[in-house]
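Counting convention: from 1, in listed order, for ligands and their atoms alike. What's counted below: heavy atoms across the whole structure, side chains too, no hydrogens, waters or symmetry copies. The structure displayed is predicted, hence computed values, not measured ones.
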Amino acid sequence: MKRIPFLDSHTGGEPTRLISEGFPPLGPGTVAEQLATLKQRDSFRTQVLCEPRGNDVMVGALLVPPADPTCQLGVIFFNNVGYLGMCGHGTIGLVASLSYQGKITPGTYRIETPVGVVEATLHPNSPSLLGEGLGDGSYPNRVSVRNVPAYRLLEHVAVEIDGRTIHGDVAWGGNWFFLCHDHGLSVSLENLEQLTDFAWRVRETYTKMGITSPDGHEIDHVELFGPSSPSSALRADSQSFVLCPGKAYDRSPCGTGTSAKLACLTADGKLAEGQVWRQQSIVGSIFEGRVQIQDGSIIPTITGEAWVMSEGHLLIDERDPFGEGIRA
Ligand code: PYC
C-alpha cells in the first residue's frame with residue numbers, strides 16, 4: 001500500500017493540495033528540470049489529483065528543493081489535465097499551509113517555480129485577530145505573492161463567435177490568458193453553465209485561428225470580466241469568470257489571471273504603479289493586486305488568504321484498478 005501525505009487548503013474557494021513527500025525522485029536540477037522529469041512520470045499527477053482521490057477543481061502543489069541558492073522553496077503546480085507554470089492561489093495556499101504546519105513564520109520567502117522566482121510574504125496576524133482569542137488555530141494565513149513579470153502580448157484580438165465579434169487581449173501572468181470584456185454575458189454565479197460553455201468555445205475558436213504564445217503554447221485560460229457584484233461587502237473593481245485548462249472554473253480570482261489583467265491595465269494607462277486593484281472571483285472572493293515597474297517590466301503582487309481544510313494520507317492499493325486515477 002502506497003501512503004502519500006497531503007494537506008488541503010482553499011484560497012478564496014479554490015483548493016490546493018500540498019504534497020511534500022512521497023513523490024518520485026526528480027533529480028537535483030532546477031525546478032523546470034524537475035518538472036520535465038515529473039512529466040515523464042505523469043501517473044503521479046493523475047494518482048493524487050484526478051478522481052477518485054482528487055477532482056477537476058483542485059490544483060496540486062508539489063514542494064521540491066530549489067536549485068537557485070537564493071530560494072528557500074521550490075514548487076511545481078499541476079491540475080486535472082497537466083502542469084501550470086505558476087499558480088497564484090496555489091502559492092498563497094502553499095505558504096498558508098506551511099504556516100499552519102509550523103514550518104514557516106511571518107516573513108518573505110523566495111520560491112523557485114518552473115517559470116521563474118516569485119516572492120511570497122506571509123503576513124503576521126493582525127492584533128485584532130489575535131485579540132479575539134482564536135487560539136492555536138490562528139495560524140497566519142494572509143499572503144502576498146510578488147509574481148514573475150507580466151505583460152500583454154496581443155491587444156484587442158477579434159474572435160467571431162455565435163455570429164458576432166468579440167475581442168480579447170492575450171497576456172502572460174505566469175500562465176497564458178485570453179481576457180475578454182465585450183462577451184455580453186452576465187458574470188454571475190447563476191450563469192456558470194453559459195459562462196463555461198462560452199469561454200470554452202472562445203478558446204477553441206482562437207486556438208483554431210492559430211493564436212498561441214510566442215513559443216507555440218496554447219492560450220489555455222480564458223477570463224471574462226464584468227462589473228463587481230454590488231452585494232459584495234468589500235467593493236471590488238471588477239468581477240471575473242476564469243476558465244482553467246481542464247474546463248473547471250477558478251473559484252478564486254486567479255492570481256496569475258489577475259496578474260495578466262494588471263499588465264493590461266498598466267499597458268492601457270489605467271493603473272498606476274502601487275495603485276490597488278481589487279479583483280473579485282465568480283464566487284465573490286477577492287484578491288488585491290498592485291504593480292511595480294522595474295527596469296521597464298511590470299511586476300504584479302497579489303494578496304489573498306488561504307484556509308486549511310483537511311490533512312491525511314492518500315492510500316493507493318496496488319490492486320486498485322483506479323489507483324492511477326481516472327484519466328480523461
Ligand atoms: O491562481 O494563478 C492562479 C490559478 C491558476 C489556475 C488556477 N488558479
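In terms of polar-atom proximity, defined here as any N/O pair under 3.5 Å, Gly255 does make such a contact with ligand 1. Looking at ligand 1, you'll find an N or O of Thr256 within less than 3.5 Å of one of its N or O atoms. Checking only distances, Gly90 never comes within under 3.5 Å of ligand 1, N or O to N or O. Geometrically, ligand 1 and Asn175 share no nitrogen or oxygen pair separated by less than 3.5 Å. Among the atoms of Ser252, none of the N or O lies under 3.5 angstrom from an N or O of ligand 1.
Regarding atom 7 (C) of ligand 1, its nearest protein heavy-atom neighbour is Asp250 OD2, 3.2 Å.
Atoms of ligand 1 found under 4.0 Å from any heavy atom of Cys254, numbered from 1 in the order shown, are 1 (O), 2 (O), 3 (C), 4 (C), 5 (C).
Side chain to side chain, Gln279 and Ser240 meet the donor-acceptor criterion of an N or O pair below 3.5 Å. A donor atom on one side chain and an acceptor atom on the other are found under 3.5 Å apart for Thr165 and Glu160. Using modelled atom types and a 3.5 Å distance limit, the side chains of His89 and Thr16 yield a donor-acceptor pair.
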Please determine whether side chain to side chain donor-acceptor pair (under 3.5 Å) holds for the pair Thr121 and Thr108, giving the CA-CA distance in whole Å, both sets of side-chain angles, and the decisive distance to 0.1 Å. CA-CA 4 Å; Thr121 300; Thr108 296; 2.8 Å; yes
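Ring geometry for Phe178 versus Tyr206: interplanar angle under 30°, hence parallel rather than tilted (30 to 60°).
Every residue two or more places apart in sequence or in another chain that forms a side chain to side chain donor-acceptor pair (under 3.5 Å) with Asp42 is listed here: Arg45, Tyr83.
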